[in-house]
Amino acid sequence: MTVKALFLDRDGVINVDHGYASKPEQIDFIDEIFTLCRRFQKQGYLILVVTNQSGIGRGYYTEEDFLQLSDWMTVTFKRQGIQLTEFFYCPHHPSEAIGEYLQECDCRKPAPGMLMQARKKYQVDMAASFMIGDNLSDMLAAASAGVAHRYLFSDSEKDDTTNIGFTQVNSLSDIIPL
Ligand SMILES: O=P(O)(O)OC[C@@H](O)[C@H]1O[C@@H](OP(=O)(O)O)[C@@H](O)[C@@H](O)[C@@H]1O
Ligand SMILES: [Mg+2]
Ligand SMILES: [Zn+2]
C-alpha cells in the first residue's frame, strides 16, 4: 500500500528564508502555507519536510536546536489542524562545515537522499507526489527521486538550466492537488 506525499522545502517555502533560522522568533510563515497544507491533507497527502541544514555543519546552531525548532513548527501546524509527519534534514556541507559534517553526502539537495529515505520509510508513490521548493536544487532533488509534480515557488524568474521541467509559481494558492 503506497501513499502520496507533499514534500516541502522549509526555508523559502514554509517560512521566509532570512538565512539559517534556528529559533521560533526567526520564523515568519509564508502566506498561504497553512491553507496549502490543509488542501493537500484533505486529499490524503502525507506532508513531509526535506531541508538542507548546513547551519548545523557550519556551527551556527546545533542539531538539538534544529530538532527543537522542528518540534515547535510541528505543534504550530497541529494547532492549524495540520500534521507535519516528519522533517528530513541534511546537516552536512561539502566544503564549509566542521568535523563529521564536512562531507560530500547523498542527502544534501540537489542530491535525492532525503526524499529516498522518506520514500522507503513511508512507501511513497513518487509519481503521485508533489515537491515545492524555492531553489533549483529542490527541483533537481525531486526529479532525481522521481517526484512527478514539481513546483518552484519564487518571485524571481529562475532560468531552467536544468531541463528537468517544473512549474514556477509566485503564490502557494496556485498549487492544487490532483
Ligand atoms: O531551503 P532549505 O533547504 O529548507 O534550507 C536552506 C537553509 O539551510 C539555508 O541554506 C543556505 O544555503 P547553504 O546550505 O549555505 O548552501 C542559505 O540558502 C540560507 O539562506 C538558508 O537559510
Ligand atoms: Mg529553501
Ligand atoms: Zn547530508
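Both counts, for ligands and for their atoms, begin at 1 and track the order of listing.
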- Query: If you measure from the Lys or Arg side-chain nitrogens to the Asp or Glu carboxylate oxygens, is any gap between Asp138 and Arg150 under 4.0 Å?
  - Reply: no
- Mutual orientation of the aromatic rings belonging to His92 and Tyr101 [parallel < 30°, tilted 30-60°, perpendicular > 60°]: tilted
- Message: Rounded to the nearest 0.5 Å, what separates atom OG in Ser22 from atom OH in Tyr61?
- Response: 6.5 Å
- Using distance alone, with no hydrogens and no angle criterion, decide if Thr51 and Gln53 have a side-chain donor and acceptor under 3.5 Å apart. yes
- Item | Within the 6.0 Å centroid threshold, strictly below: Phe7 and Phe130 | no
- Charged N to carboxylate O below 4.0 Å: is that the case for Lys4 and Asp125? no
- Determine, using heavy atoms of Gly19 and all atoms of ligand 1, whether some pair is separated by less than 4.0 Å. yes
- Message: For Phe29 together with Phe77, are the ring centres under 6.0 Å from each other?
- Response: yes
- Under 3.5 Å, N or O to N or O, is Asp138 touching ligand 1 that way? no
- Ranked by distance from atom 4 (O) of ligand 1, the top protein heavy atom is Thr51 OG1, 2.6 Å
- Task: Please name the atom of His92, restricted to N, O or S, that is closest to the Zn ion (ligand 3).
- Result: ND1
- Query: Hey, is there an N, O or S on Asp11 sitting under 2.8 Å from the Mg ion (ligand 2)?
  - Reply: yes
- Restricting Asp9 to its N/O/S atoms, the closest one to the Mg ion (ligand 2) is OD2
- Protein heavy atom at shortest distance from atom 6 (C) of ligand 1: Asn52 O, 3.5 Å
- Closer than 2.8 Å to the Mg ion (ligand 2), do we get an N, O or S atom from Asp17, backbone or side chain? no
- Would you check if there is a donor-acceptor pair between the side chains of Thr62 and Asp65 at a distance under 3.5 Å? yes
- Note on the structure: Logged contact type for Arg108 with ligand 1, heavy-atom cut-off 4.0 Å, is side chain
- Message: Between Gln26 and Tyr20, do the side chains contain a donor N or O and an acceptor N or O under 3.5 Å apart?
- Response: no
- Query: Sub-3.5 Å donor-acceptor pair from the side chain of Gln41 to the main-chain atoms of Cys37, do we have one?
  - Reply: no
- Task: Heavy-atom distances under 4.0 Å are what count here, so tell me which part of Asp17 touches ligand 1: side chain, backbone, both or neither.
- Result: side chain
- Item | Side-chain donor-acceptor pair present, Gln168, Tyr151, cut-off under 3.5 Å | no
- Message: Working to 10°, measure the angle at the Zn ion (ligand 3) formed by atom SG of Cys105 and atom SG of Cys107.
- Response: 110°
- Message: Restricting to N, O or S atoms, which atom of Asp134 is closest to the Mg ion (ligand 2)?
- Response: OD1
- Message: Among Val16, Val50, Asp9, which one puts a heavy atom closest to atom 1 (O) of ligand 1?
- Response: Asp9
- Of the side chain and backbone of Arg58, name the one, both, or neither that has a heavy atom under 4.0 Å from an atom of ligand 1. side chain
- Item | Heavy-atom nearest neighbour in the protein, as seen from atom 12 (O) of ligand 1, with distance rounded to 0.1 Å | Tyr20 OH, 4.1 Å
- Which ligand 1 atoms does Arg10 reach within 4.0 Å, using its non-hydrogen atoms? 4 (O)
- Ser54: numbered ligand 1 atoms lying under 4.0 Å from its heavy atoms: 13 (P), 14 (O), 15 (O)
